[in-house]
Trainee: 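I have a structure here, written as structure tokens, and I will follow up with some questions on it.
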Amino acid sequence: MGYHKHRYKFDCKFAQGHDHRLLGYASNRLGAGNWHVHFYYGVSSYRNHTHYYWGITGLPIKTENGHIHKMDGRLESNSLHTHEYSGYTSE
């Protein structure tokens, strides 16, 4: 399996009266063939504050048209709170 990237778009868990949306691409593949992961990072802003995030996807999950990866973690703490996230990349 050659170079490829996955788009992701999902909401974080609600905290401090608001939530954040994660939107971006997981790229920079590490591994070989069907045993690979992707690195991802980004910024999510809401009104007057920003959270940074980064991580490594899970291994591929086979789908009808290819594969997806699980993403979960926690946004960097800011304004005395943080948000957890959990979702999947697109194919």
Trainee: So do Tyr53 and Tyr40 actually touch side chain to side chain, heavy atoms under 4.5 Å?
Mentor: yes
Trainee: Can you classify the ring geometry of Phe10 versus Tyr8 as parallel (below 30°), tilted (30 to 60°) or perpendicular (above 60°)?
Mentor: tilted
Trainee: Measure from the side-chain N and O atoms of Asn78 to the backbone N and O of Thr50, and report whether any donor-acceptor pair falls under 3.5 Å.
Mentor: yes
Trainee: Among Thr89, Leu23, Leu22, which one satisfies side-chain contact (heavy atoms from CB on, under 4.5 Å) with Lys9?
Mentor: Leu23
Trainee: Are Val43 and Trp54 in one and the same hydrophobic cluster, where Ile, Leu, Val, Met, Phe, Trp and Tyr link if side-chain heavy atoms are under 4.5 Å apart?
Mentor: yes
Trainee: Under 4.5 Å between any side-chain heavy atoms of His38 and His4, yes or no?
Mentor: yes
Trainee: How far apart are the closest heavy atoms of Phe39 and Asn28, and which atoms are they?
Mentor: CD1-O, 3.1 Å
Trainee: Do side-chain atoms of His51 reach the backbone of Glu76 as a donor and acceptor pair under 3.5 angstrom?
Mentor: yes
Trainee: I need the minimum non-hydrogen distance between Tyr85 and Arg74, along with the two atoms involved.
Mentor: CE2-N, 3.3 Å
Trainee: Over 60° means perpendicular and under 30° means parallel, so classify the ring planes of His6 and His36, tilted if in between.
Mentor: parallel
Trainee: How close do Val37 and Thr57 get, counting heavy atoms only, and between which atoms?
Mentor: CG1-O, 3.4 Å
Trainee: What distance do His67 atom NE2 and Leu59 atom CG have between them, rounded to the nearest 0.5 Å?
Mentor: 10.0 Å
Trainee: If you group Ile, Leu, Val, Met, Phe, Trp and Tyr by side-chain heavy-atom gaps below 4.5 Å, do Met71 and Ile56 land in one group?
Mentor: no
Trainee: More than 12 heavy atoms of other residues, nucleotides or ligands under 6.0 Å from NZ of Lys70: yes or no?
Mentor: yes
Trainee: What residues, two or more places apart in sequence or in another chain, satisfy salt bridge (Lys or Arg N to Asp or Glu O under 4.0 Å) together with Asp72?
Mentor: none
Trainee: Can a donor-acceptor pair be found, under 3.5 Å and without considering hydrogens, that links the side chain of Glu91 to the backbone of Ile68?
Mentor: no
Trainee: Membership question, hydrophobic clusters at under 4.5 Å side-chain separation (ILVMFWY): are Leu30 and Tyr3 in the same one?
Mentor: no
Trainee: Determine whether a donor-acceptor pair (N or O, by modelled atom type, separation under 3.5 Å) exists between the side chain of His81 and the backbone of Gln16.
Mentor: no
Trainee: Indicate yes or no: at least one non-hydrogen side-chain atom of Leu75 is less than 4.5 angstrom from one of His20.
Mentor: yes
Trainee: Do Ser44 side-chain atoms and Arg21 backbone N/O form a donor-acceptor pair below 3.5 Å?
Mentor: yes
